[in-house]
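To keep things clear, I will list the structure first and then write my remarks on it.
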Number of protein chains: 2
Amino acid sequence: MKDDVIKILNDYGIQPSAQRVAVAEYVLTTEEHPSADQVFAKVSSNFPMISRATIYNTLNLFVEKGLLRELHIAAGRVVFDPNLQRHHHFIDEESGEITDIHGHQLEVSNLASLKGLEISDYQVVLRGKIKKK
Amino acid sequence: MKDDVIKILNDYGIQPSAQRVAVAEYVLTTEEHPSADQVFAKVSSNFPMISRATIYNTLNLFVEKGLLRELHIAAGRVVFDPNLQRHHHFIDEESGEITDIHGHQLEVSNLASLKGLEISDYQVVLRGKIKKK
DNA sequence: GTTCGTGCAAACGGTTTGCAACAAT
DNA sequence: ATTGTTGCAAACCGTTTGCACGAAC
């Protein structure tokens with residue numbers, strides 16, 4: 001597990017320090033879409049001496065190196081997403097929780113109609129409530 | 001013009017003070033997707049004595065009353081959008097500029113496949129470059 | 001011993017808030 | 001007189017930065 005993470009970091013050209021491994025171990029495997037502060041909270045529970053600055057530096061480095069994506073879809077915070085494939089997001093309006101919607105679950109058509117734009121990436125952002133039965 | 005705006009504010013249950021009318025006159029007619037600071041810059045050029053706090057309070061009030069939408073799609077800033085209809089956004093990766101994509105230009109299908117979710121709203125966020133010819 | 005990563009604390013920038021003054025009715 | 005609105009400045013919060021210490025090779 002730790003070895004897998006170290007391999008991944010190396011593959012992305014990131015020197016695997018102990019802190020970076022700890023951050024990667026959490027952020028690459030979570031289903032959540034954590035903010036920097038959530039990462040800090042989680043990681044420092046098994047790695048108590050890590051500082052906030054290191055969390056921010058590390059996450060930004062990961063984004064730079066293409067290991068993570070930053071999402072700017074919710075109010076007031078940036079969240080991180082280890083899923084690099086094309087996919088979409090559902091935001092629960094009550095809890096603010098973000099859930100992945102896999103790319104094949106939704107289809108966006110007519111993209112070709114956008115003459116004059118070179119689309120490098122797109123996503124659908126959905127908002128709503130979770131139905132209770 | 002000013003009268004139209006006053007009528008709109010009244011319709012939305014907003015008392016039309018001079019400052020609010022000035023903000024509304026700009027923000028309801030612009031094609032841009034301005035941040036609070038851009039609104040401040042524009043509005044204070046014809047209304048020099050308005051304060052930043054009033055801009056923020058006013059914009060937040062407008063959002064609360066349903067006259068504007070807040071968009072959280074770009075890095076580091078919240079922008080406001082007077083277009084209340086379902087539509088999508090293109091973000092120019094070079095300039096950061098946001099352009100409307102009208103609702104009928106893109107189609108999202110399979111929404112019905114999302115069992116268990118009650119979608120109240122959705123939008124497609126596209127990123128890319130403007131083709132130069 | 002040079003390079004790179006970390007931790008701290010201060011700085012930063014956008015946004016909000018508390019409060020006193022003011023306008024409207 | 002009461003109610004609601006504004007302006008100021010300070011507070012706030014998430015994030016970045018400068019710098020000195022420490023680890024690794």
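If you're wondering where the values come from, they're calculated on a predicted model, not measured in any experiment. Reminder, nothing fancy here: chain letters follow the sequence lines and each chain counts from 1.
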Starting at [atom1] of [X] and ending at [atom2] of [N], how long is that distance when rounded to a whole Å?
| X | N | atom1 | atom2 | value |
| --- | --- | --- | --- | --- |
| A:Ile55 | C:dG5 | CD1 | P | 16 Å |
| B:Phe40 | C:dT16 | CZ | C1' | 16 Å |
| A:Ile50 | C:dG5 | CD1 | C1' | 11 Å |
| A:Asn60 | C:dT6 | CG | P | 13 Å |
| A:Lys65 | C:dC4 | NZ | P | 11 Å |
| A:Met49 | D:dG22 | CE | C1' | 15 Å |
| A:Asn57 | D:dT16 | CG | P | 9 Å |
| A:Arg52 | C:dA10 | CZ | C1' | 15 Å |

Choose from [options] the nucleotide whose nearest atom is closest to any side-chain atom of [X].
| X | options | result |
| --- | --- | --- |
| B:Tyr56 | D:dT6, D:dT15, C:dG14 | C:dG14 |
| B:Gln19 | C:dC8, D:dT6, C:dT6 | D:dT6 |
| B:Val78 | C:dT15, D:dT15, C:dC8 | C:dT15 |

Does [N] have its OP1 or OP2 closer than 4.0 Å to a side-chain nitrogen or oxygen of [X]?
| X | N | result |
| --- | --- | --- |
| A:Arg20 | C:dT6 | yes |
| B:Gln15 | C:dA23 | no |
| B:Ser51 | D:dG7 | yes |
| B:Ser17 | C:dA24 | no |

Any chance the side chains of [X] and [Y] put a donor and an acceptor closer than 3.5 Å?
| X | Y | result |
| --- | --- | --- |
| B:Glu93 | A:Ser120 | yes |
| A:Glu107 | A:Ser109 | no |
| A:Asn110 | B:His104 | no |
| A:Asp100 | A:His88 | no |
| B:Tyr12 | B:Glu64 | no |

Any base atoms under 4.0 Å from A:Asp37, or only sugar-phosphate, or nothing? Heavy atoms, all strands.
nothing
